Amino acid sequence: MTTISITPNTSPKQQEQQQQQEQQTSNTTPTKRNSIVEKEIFFRVKDRVKKAKFKGTCIEDLKQLFLLKFPEFPKDVEHPFYIVEKGTGKEALICNIEDIQEYQEILVRHEYEQDTRQKSQGYTGLDKEKIVLVMVGLPARGKTYVARKICRMLNWMLVPAKVFNVGEYRRLRIGAGQPHDFFDPYNPEGIKARLHMAVAALDDMISWLHNGGRVGIYDATNSTNERRQLVEKRCQREKMNVIFVESICNDLDVVEANIKETKLLSPDYQGVDSNKAVQDFRERIAHYMKVYETVEGETTRYIKLYDVGKKIEVNNITGYIPSRVVFFLMNLHIHPRPIWLTRHGESEFNAQERIGGDSDLTERGDTYAHQLAVWISEWASKVRADGYDGEVVVWTSSLKRAIRTAQYISQPKVVMRALDEIDAGICDGMTYQEIQEKMPDERAARESDKLQYRYPRGESYEDVIQRLEPLLLELERTKLPVLIVSHQATLRCLYSYLHGKVKEECPFLNIPLHTLIQLTPKAYGCEETTFKLC
Ligand code: F6P
């Protein structure tokens, strides 16, 4: 970087005269440097310009004046100052204070703007391969459940994923309520119609993958080698990587429960007597069993799930996304239990409308903490009376207000930093009003993309999602009821996962103070009840 002296508002001739004058002045009074003469200057930070009177003698003086004018900027970082040449726009780092002239425009390239004022980008692996997860399994083996769970997890991890369910194509195109013999592998009309639906769903999935999708989940029985080869060859032609996800369930109680819990609610059996529906569905399964072939082959990429995750077999699985899918599936279970989400009680910062910080609870906040403890203890007594042990896993963030909110609960608590509030970086401790007044650019940038906006030296919602991922796996794995005492942004992210919300919605979800949100995961979503405790 060169160091130059420029007087932007003067012509070369004027500059020459000025230099001569300066020369004379310095010749006569060598100790009187022009830097101690007060000058009007302009600081420019991006599109914000502020006038100032400068009378300093060194760069540090300039920095102090700048911080006076822009108090919101961090004091502990370097602020490189540049002179911008009028006309050419050439920039030169100021190394010598005497380079500053009257009416000089001084550009401030702030470190945080260059280094951290970026949008976040979710990490989805280095290779950008398109992946097709082909579900395999007899009816009522939980394929759709697994497919949707994987999809929800991937979308939450910011990987564009979508389920293509062949059954839905059938219902849409030829109508729900086909009797079991439609699925008989020796029924030529059924074979033709089912193949037609399978290809339509496959075509749509491939076109979606070519248009920005990353993981297509092809949800059908795909129960014969012939059908799987058709799908695999087509995907290979499109340069997509196929992984089979086979769900094998030999526990007939689980199969029966699945039929009763999900299939009876299916549009295929609307208005049908439940006994008849169960009987018809069993016969449908029997048709598929006649021709069912398990996935095999040394080079085939597959994941086999036995009896809802009791055993997992993995073949030829490598890469970031496939590995995350395996890891996720290893932690799945179908035990029903509540998950409670709550923000900490009102904090001193909440009362002052300040964001972030690590302040304590207010009196109201403390009252909420008491009420929460009472609520959990009453819940535990109630389930104990029903024969359960009433154990609850309590997780809190590492911030004072969350720890204090859980303090009266008798169950053991685990403190997790992953549950800490979104880091507001240099805005931590400010009110939204102050941010608006002092850092309008930041406010505008956040408003235009709240999901990816990263606070300077802080975090974005996407960053929060990424740091919550290990915790989410723990949440999926835990079979006990879990109470999470955390913060607005982190809970928005968790709630968004549990309800399968689209990522854009996440930063705007309503998670009020002093409210306990009870979510009970079911086969296809969560049941929600909220309790206002104050
Ligand atoms: O205001 C409370 C708070 O938890 C802040 O600490 C945090 O910065 C904010 O909520 C997150 O909400 P939003 O993303 O809407 O600013």
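For ligands, and for the atoms within them, numbers begin at 1 and follow the listed sequence. On a predicted model such as this, the values are computed, not experimentally measured, just so you know.
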Minimum-distance pair of heavy atoms, taken over all atoms of I131 and P322: CD1-CD, 3.9 Å
Check this for me, if you would: do E459 and R454 make a salt bridge, where the nitrogen-to-carboxylate-oxygen distance has to be below 4.0 angstrom? no
Would you mind checking which non-hydrogen protein atom is closest to atom 9 (C) of ligand 1, with the distance to 0.1 Å? Y432 OH, 3.5 Å
With the threshold set at 4.0 Å, does a side-chain nitrogen-carboxylate oxygen contact exist between R354 and E348? no
Who's the nearest protein heavy-atom neighbour of atom 7 (C) of ligand 1, and how far? E421 OE2, 3.4 Å
Are R446 and ligand 1 in contact, using a heavy-atom cut-off of under 4.0 Å? yes
On a heavy-atom basis, I'd like to know which of S359, A424, G356, S347 is closest to atom 6 (O) of ligand 1. G356
Polar proximity ligand 1 side, K450 side, N/O cut 3.5 Å exclusive: yes
Taking E476 first and then K149, would you say they form a salt bridge - that is, a charged N and a carboxylate O separated by under 4.0 Å? yes
What is the nearest protein non-hydrogen atom to atom 10 (O) of ligand 1, stated with its residue, atom name and distance? Q488 NE2, 3.0 Å
Got an N/O contact under 3.5 Å between R492 and ligand 1? yes
Is Y461 close enough to touch ligand 1? Criterion: a residue heavy atom under 4.0 Å from a ligand atom. yes
When you look at NZ of K50, are more than 12 heavy atoms from neighbouring residues, nucleotides or ligands closer to it than 6.0 Å? yes
Salt bridge E504-K450, side-chain N to carboxylate O under 4.0 Å: no
Nitrogen or oxygen atoms of R354 and ligand 1 under 3.5 Å apart: no
Of R364, H344, R343, Q371, which is the lone residue that meets side-chain contact (heavy atoms from CB on, under 4.5 Å) with H514? R364
